[in-house]
Novice: 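To start, I am sharing the structure in question, which I have written as structure tokens.
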Amino acid sequence: MGIKLVAIDIDDTLLNPEGQLADETINAIQKTIQKGIKVVLCTGRPLAGVTTFLNQLGISGDDQYVITYNGAIIETVSGHRLAQHTLDFEDYLAADKLSYELNVHYNILDDESRIYTSNRDVGRITVIQAAENDEGLFVRNPEEMAQDLTVSKIMFVDEPEVLDEQIHKIKETFDDRYYVVRSLPEFLEVLNKKANKGNALTDLLSELGLKKEEVMAMGDQHNDLTMFAVAGTTVAMGNAIPELKEVATYVTESNANHGVAVALERYVI
């Protein structure tokens, strides 16, 4: 049974260490698409933070798909939503309160790719994140926020050593009611309990009538583990965390050495 869909994480997987798409990767993905295989980017980013890469790869239309916000939203590349599992205003208030108790920077993303925080001293990582998402950074107090706000995800965003020190306290607060995952050393994400890459990929496969044996997944971090549990063939990057390499079907080159392109050429094209 051949591969009909390839699900690929973006940061530190699809992109090189400079945060760019290498020509080798673009060429391999375009060859994959030309074979009639769907390439689905599965990311913690919102759609606005993915659009540039979709355009570079030539992925477009209502018959191509993307999994955004770490699985909180499944949508077509043109923005038509198939499903979403989001949070609400009370969840936002809980994160805002904990941010100040622990002295950890945080932000939230709405369902239109906008970032909000009440941290007046905006964290360095949040500024970088907002620039990548390209939809704006808004500093607002809770009383300035609309109570019907749709929160796609909550992010505790700070230097790795800060998150290392406080991660257990954040999990103590949120683990019971939410899906909490470290997606990058600087990112600890809090999402709807149903929102993860694995659940989103399962929903998409059901929509497309595909079996897990027809799916390949590639990634590098903890938030890719649920996606690996769904795909029949899994590829960990050479720069992936040990936990992902242990469960992967294959380990490819690092993102600095075009690992996605190497895997596609070897196992798909």
Side-chain angles (χ1 to χ4, degrees), residues 3-16 19-22 24-84 109 111 113 129 132-135 152-153 181 183-184 187 189 191 195-205 207-208 210 215-221 223-228 230-231 233-237 240 244 252 255 258-261 263-264 268:
I3 300 296
K4 295 183 180 178
L5 184 149
V6 182
I8 309 176
D9 170 57
I10 292 183
D11 292 290
D12 295 329
T13 299
L14 181 73
L15 304 183
N16 64 21
Q20 298 174 341
L21 274 170
E24 292 87 346
T25 302
I26 294 172
N27 292 337
I29 286 179
Q30 289 179 344
K31 286 181 187 176
T32 302
I33 294 169
Q34 287 165 8
K35 287 175 66 73
I37 298 167
K38 291 192 182 297
V39 173
V40 179
L41 302 189
C42 301
T43 177
R45 294 178 183 233
L47 185 59
V50 179
T51 302
T52 296
F53 307 122
L54 292 169
N55 291 339
Q56 287 180 266
L57 295 169
I59 301 174
S60 62
D62 251 356
D63 62 343
Q64 300 295 336
Y65 304 89
V66 61
I67 291 170
T68 53
Y69 302 99
N70 259 328
I73 294 179
I74 311 162
E75 53 197 323
T76 67
V77 169
S78 54
H80 173 71
R81 291 183 191 170
L82 278 66
Q84 66 180 57
L109 284 87
D111 60 343
S113 303
Q129 178 192 2
E132 291 175 344
N133 291 344
D134 200 30
E135 284 295 325
S152 292
K153 63 177 179 176
V181 65
S183 57
L184 286 173
F187 290 168
E189 308 195 16
L191 301 107
N196 63 57
K197 290 184 180 183
N199 286 341
L201 187 56
T202 298
D203 290 343
L204 181 57
L205 297 186
E207 175 77 16
L208 298 176
L210 296 178
V215 179
M216 172 184 280
M218 300 190 207
D220 73 294
Q221 274 293 336
N223 61 329
D224 298 314
L225 283 165
T226 59
M227 183 168 68
F228 273 36
V230 172
T233 304
T234 56
V235 180
M237 301 299 290
L244 206 67
T252 186
N255 65 325
H258 324 304
V260 166
L264 290 175
V268 178

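Please read all numbers here as calculations on a predicted model, not as lab measurements.
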Novice: Would you please test Asn55 and Thr51 for side chain to side chain contact (heavy atoms under 4.5 Å, CB included) and show each step?
Specialist: CA-CA 6 Å; Asn55 291 339; Thr51 302; 3.7 Å; yes
Novice: After noting the C-alpha distance and the side-chain angles of Leu82 and Tyr65, does the key distance pass the side chain to side chain contact (heavy atoms under 4.5 Å, CB included) rule?
Specialist: CA-CA 9 Å; Leu82 278 66; Tyr65 304 89; 4.0 Å; yes
Novice: Would you be so kind as to tabulate the donor-acceptor pairs closer than 3.5 Å made by side chains of residues 198-205, with sequence neighbours excluded?
Specialist:
| residue | atom | partner | partner atom | Å |
| --- | --- | --- | --- | --- |
| Asn199 | ND2 | Lys194 | O | 3.0 |
| Thr202 | OG1 | Gly198 | O | 2.9 |

Novice: Do the side chains of Asp11 and Arg45 get nearer than 4.5 Å, heavy atoms only?
Specialist: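 Result yes, sub-4.5 Å side-chain heavy-atom pair found.
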Novice: Nearest 0.5 angstrom please: Met227 CE to Ile67 CD1, how far?
Specialist: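 Spacing of CE (Met227) from CD1 (Ile67) equals 8.0 Å.
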Novice: Could you tell me the separation between the CG atom of Leu244 and the CD atom of Gln221, rounded to the nearest 0.5 Å?
Specialist: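 It is 8.5 Å, given to the nearest 0.5 Å.
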Novice: So, does Lys197 use its side chain to make a donor-acceptor pair with the main chain of Phe228 at under 3.5 Å?
Specialist: no
Novice: Counting C-beta onward and ignoring hydrogens, is there a side-chain heavy-atom pair between Leu15 and Asp12 closer than 4.5 Å?
Specialist: no
Novice: Report yes if the side chains of Ile10 and Val50 come closer than 4.5 Å at any heavy-atom pair, otherwise no.
Specialist: yes
Novice: Under a plain distance cut-off of 3.5 Å, with no hydrogens placed, do Ser152 and Asp111 share a side-chain donor-acceptor pair?
Specialist: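 Not at all, the side chains of Asp111 and Ser152 share no donor-acceptor pair under 3.5 Å.
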Novice: If we ignore angles and hydrogens, is there a donor and acceptor under 3.5 Å between the side chains of Asn255 and Asn16?
Specialist: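 Judged by distance alone, the side chains do not pair up.
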Novice: Taking C-beta and beyond as the side chain, do Val181 and Asn196 meet within less than 4.5 Å on heavy atoms?
Specialist: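 No, their side chains stay 4.5 Å or more apart.
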Novice: Just one of Val260, Thr252, Leu264 clears the side chain to side chain contact (heavy atoms under 4.5 Å, CB included) bar with Val235, so which one?
Specialist: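 Single side chain to side chain contact (heavy atoms under 4.5 Å, CB included) partner of Val235 among Val260, Thr252, Leu264: Thr252.
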Novice: Are any non-hydrogen side-chain atoms of Val268 and Met216 less than 4.5 angstrom apart?
Specialist: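 Counting from C-beta outward, Val268 and Met216 do come under 4.5 Å.
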Novice: Report yes if the side chains of Val6 and Ile29 come closer than 4.5 Å at any heavy-atom pair, otherwise no.
Specialist: no
Novice: Once rounded to the nearest 0.5 Å, what's the spacing between atom CD of Gln20 and atom OG1 of Thr52?
Specialist: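 It comes to 11.5 Å.
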Novice: To the closest 0.5 Å, what do you measure between CG (Asn70) and CZ (Phe187)?
Specialist: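 Output value for this atom pair is 10.5 Å.
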Novice: Rounded to the nearest 0.5 Å, what separation is found between the CD1 atom of Ile74 and the OG1 atom of Thr68?
Specialist: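 Answer for the CD1-OG1 pair, Ile74 versus Thr68, is 8.5 Å.
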Novice: Quick one: does any side-chain atom of Lys38 pair with a main-chain N or O of Asp63 as donor and acceptor, under 3.5 Å?
Specialist: yes
Novice: What I want to check is whether the side chains of Ser183 and Glu189 have a donor and an acceptor closer together than 3.5 Å.
Specialist: yes
Novice: Using side chain to side chain donor-acceptor pair (under 3.5 Å), reason through Gln64 and Thr76 one step at a time and then give a plain yes or no.
Specialist: CA-CA 6 Å; Gln64 300 295 336; Thr76 67; over 6 Å; no
Novice: For residues Thr233 and Val215, determine if any side-chain heavy atom of one lies less than 4.5 Å from a side-chain heavy atom of the other.
Specialist: no
Novice: In a check of side-chain hydrogen bond (donor to acceptor under 3.5 Å, both in side chains) between Thr13 and each of Thr43, Thr25, Asp220, which one passes?
Specialist: Asp220
Novice: Keeping the roles fixed (side chain from Ser113, backbone from Leu109), state whether a donor-acceptor pair exists under 3.5 Å.
Specialist: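 Absent.
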Novice: Does any part of the side chain of Glu75, heavy atoms only, come nearer than 4.5 Å to the side chain of Val66, both counted from C-beta?
Specialist: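 Side chain of Val66 against side chain of Glu75, heavy atoms only: contact under 4.5 Å found.
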Novice: Report the C-alpha separation of Lys4 and Ile37 in whole Å, then their side-chain angles, then the decisive distance to 0.1 Å, and conclude whether the side chain to side chain contact (heavy atoms under 4.5 Å, CB included) test is met.
Specialist: CA-CA 5 Å; Lys4 295 183 180 178; Ile37 298 167; 5.6 Å; no
Novice: Does the pair Ile33 and Ile59 meet the rule for a side chain to side chain contact (heavy atoms under 4.5 Å, CB included), with working shown?
Specialist: CA-CA 8 Å; Ile33 294 169; Ile59 301 174; 3.5 Å; yes
